[in-house]
Asker: 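One structure, as structure tokens, below. Some questions next.
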Amino acid sequence: MTLHLPTGFPSLDALLGGGFRREDLIVLGGDSRVGCSSLALGMAVRAAEQGAAVGVFSTEMSPTRLAERALGQSACATLTELAGAALDDTRRGAIADVALRLRGLALAFHTQPLGGWSVDAPEVVEEVELVVVDALEGLAWGPHSRAEAAAAWVLSWKRFAIGRGVPVLLVRHATEVPGESRGARPSLDALGGAGVREHADVVLGLHREELHRPDPAVAGAAELLLLKDRFGTTGSVDLWFEPQWSRFEDLAEA
């Protein structure tokens, strides 16, 4: 077993020294509209395409909707196309081929039950090589305050990562920090609450300038900032976002 599990995004893998390290808790955050869930799903699919067993645990979508979204990203297809509207046989066949390939991957989707998972949920996760949790804010918080529950979940997923020897990618949304202007690039201060600063090994911040500055010159451009790496340096990579497919691409692949 290698130390790193590639994310499938070459620039990020290079910045991290080969990908996500096993036993690491990785937190991915940004503004609520920036696309953290889409990027996390893209990483899950790419990791599975490279042979890893991946479990995606969502507080926001059903397994059916997650599979549909993964297909849209992978086939570069809109929801209208996935519904079969106005497709010629060639395009329909191409999408079907991608769907068949995805079904052959060790990629499992789970949604939070109505009663919510308990903070011991990591104990019942099946054997996987990468866990993706989307998102911290939606996890069950029971009798505790939301802040207390979030901190408990962060610590619980970190312990899971160590105990199982796998990386855990946890999505969270940025909180406003006094003195920071809205639309600023995500910072460790904005993402580091709920024990993230202490327990996360890697913190990634996703930024899309077009959400805050309507300028055709920045449309599609995205920046993924490495805000913390317990065993390395910080930095950033350039990505490209295709909104019709909710798909991120690495500019190094262009």
Side-chain angles (χ1 to χ4, degrees), residues 7-9 25-49 52-85 95 98-119 121-122 124-126 128-142 146 149-150 153-154 156-157 160 166-174 191 194 204 206 208 211 222 224 239 241-249:
T7 68
F9 288 82
L25 173 64
I26 303 101
V27 173
L28 168 64
D31 289 344
S32 59
R33 299 176 297 150
V34 75
C36 289
S37 296
S38 295
L39 180 57
L41 180 60
M43 290 177 178
V45 172
R46 290 183 182 219
E49 287 175 336
V54 182
V56 179
F57 293 79
S58 176
T59 65
E60 301 175 340
M61 295 185 187
S62 68
T64 299
R65 183 60 58 84
L66 286 166
E68 179 184 68
R69 197 169 187 183
L71 176 58
Q73 287 186 2
S74 300
C76 295
T78 65
L79 291 179
T80 299
E81 286 185 299
L82 294 182
I95 293 174
V98 175
L100 185 62
R101 176 170 56 82
L102 289 178
R103 281 198 292 270
L105 301 178
L107 178 62
F109 299 123
H110 307 269
T111 190
Q112 186 169 224
L114 290 178
W117 290 304
S118 73
V119 77
V124 298
V125 174
E126 73 277 11
V128 291
E129 295 172 272
L130 171 65
V131 170
V132 177
V133 183
D134 182 24
L136 175 63
E137 291 76 19
L139 291 169
W141 44 294
R146 189 174 294 273
W153 275 111
V154 168
S156 183
W157 284 116
F160 173 86
V166 302
V168 173
L169 175 60
L170 176 62
V171 175
R172 77 160 304 179
H173 300 112
L191 297 174
L204 299 169
L206 182 61
R208 287 167 51 209
L211 296 179
L224 185 61
L239 304 177
F241 182 64
E242 293 288 354
Q244 68 270 38
W245 308 318
S246 297
R247 175 186 172 98
F248 283 91
E249 298 178 357

Asker: Looking at Ala44 and Val56, what are the two nearest heavy atoms and their distance?
Answerer: CB-CG2, 3.7 Å
Asker: Going by distance alone, is a donor N or O of one side chain under 3.5 Å from an acceptor N or O of the other, for Arg69 and Ser38?
Answerer: yes
Asker: I need the Gln73 CD to Arg46 CZ distance, nearest 0.5 Å.
Answerer: 9.0 Å
Asker: Report the distance from atom CG of Leu105 to atom OG of Ser74, rounding to the nearest 0.5 Å.
Answerer: 8.0 Å
Asker: Rounded to the nearest 0.5 Å, how far apart are CG of Leu169 and CG of Leu204?
Answerer: 7.5 Å
Asker: Does any non-hydrogen side-chain atom of Leu71 lie less than 4.5 Å from one of Leu102?
Answerer: yes
Asker: Check for me whether Arg247 meets the cation-pi criterion with Phe241, that is, NZ or CZ under 6.0 Å from the six-membered ring centre and within 45 degrees of the ring axis.
Answerer: no
Asker: So His173 and Asp31, side-chain contact (heavy atoms from CB on, under 4.5 Å) or not? Walk me through it.
Answerer: CA-CA 6 Å; His173 300 112; Asp31 289 344; over 6 Å; no
Asker: Should Ile26 and Leu170 count as side-chain neighbours, where that means a heavy-atom distance under 4.5 Å?
Answerer: no
Asker: Determine whether Val171 and Leu136 make a side-chain contact, defined as any pair of heavy atoms from C-beta on separated by less than 4.5 Å.
Answerer: no
Asker: Can you tell if the side chain of Leu130 reaches within under 4.5 Å of the side chain of Val168, non-hydrogen atoms only?
Answerer: no
Asker: Tell me whether the count of non-hydrogen atoms from other residues, nucleotides or ligands lying under 6.0 Å of CZ in Arg101 goes above 12.
Answerer: yes
Asker: Quick one: CH2 on Trp153 to CZ on Phe160, what's the gap to the nearest 0.5 Å?
Answerer: 11.5 Å
Asker: Enter the distance from Leu107:CG to Glu49:CD here, rounded to the nearest 0.5 Å.
Answerer: 9.0 Å
Asker: Counting N and O atoms only, with roles assigned by atom type, does the side chain of Arg172 sit under 3.5 Å from a partner on the main chain of Leu191, one being a donor and the other an acceptor?
Answerer: yes
Asker: Which pair of non-hydrogen atoms, one from Arg33 and one from Leu211, has the smallest distance, and what is that distance?
Answerer: NH2-O, 3.4 Å
Asker: Show the nearest heavy-atom pair for residues Phe9 and Phe248, with the distance to one decimal.
Answerer: CE2-O, 3.6 Å
Asker: So which atom in Ala70 and which in Phe109 form the shortest heavy-atom distance, rounded to 0.1 Å?
Answerer: CB-CZ, 4.1 Å
Asker: Answer whether the closest heavy-atom distance between the side chains of Asp134 and Thr59 falls below 4.5 Å.
Answerer: no
Asker: Only one of Ser37, Cys36, Ser32 clears side chain to side chain contact (heavy atoms under 4.5 Å, CB included) with Val34; which?
Answerer: Cys36
Asker: Give the minimum heavy-atom separation between Leu28 and Leu224, together with the two atoms involved.
Answerer: CD1-CD1, 3.8 Å
Asker: Is there a side-chain contact between Trp157 and Val125 (heavy atoms, below 4.5 Å)?
Answerer: yes
Asker: Output the distance between atom CZ (Arg65) and atom OG1 (Thr111), rounded to the nearest 0.5 Å.
Answerer: 11.0 Å
Asker: Apply side-chain contact (heavy atoms from CB on, under 4.5 Å) to the pair Leu41 and Val132, showing each step before the final yes or no.
Answerer: CA-CA 8 Å; Leu41 180 60; Val132 177; over 6 Å; no
Asker: Is the shortest heavy-atom distance from the side chain of Glu126 to the side chain of His110 under 4.5 Å?
Answerer: yes
Asker: Testing the basics here: between Ala222 and Arg208, what is the closest heavy-atom pair and its distance to 0.1 Å?
Answerer: CB-CG, 3.7 Å
Asker: With a 3.5 Å distance limit and no angle check, can you tell me whether Thr7 reaches the backbone of Met43 through a side-chain donor-acceptor pair?
Answerer: no
Asker: Measure the shortest side-chain to side-chain distance between Gln112 and Leu139 over non-hydrogen atoms and say whether it is less than 4.5 angstrom.
Answerer: yes
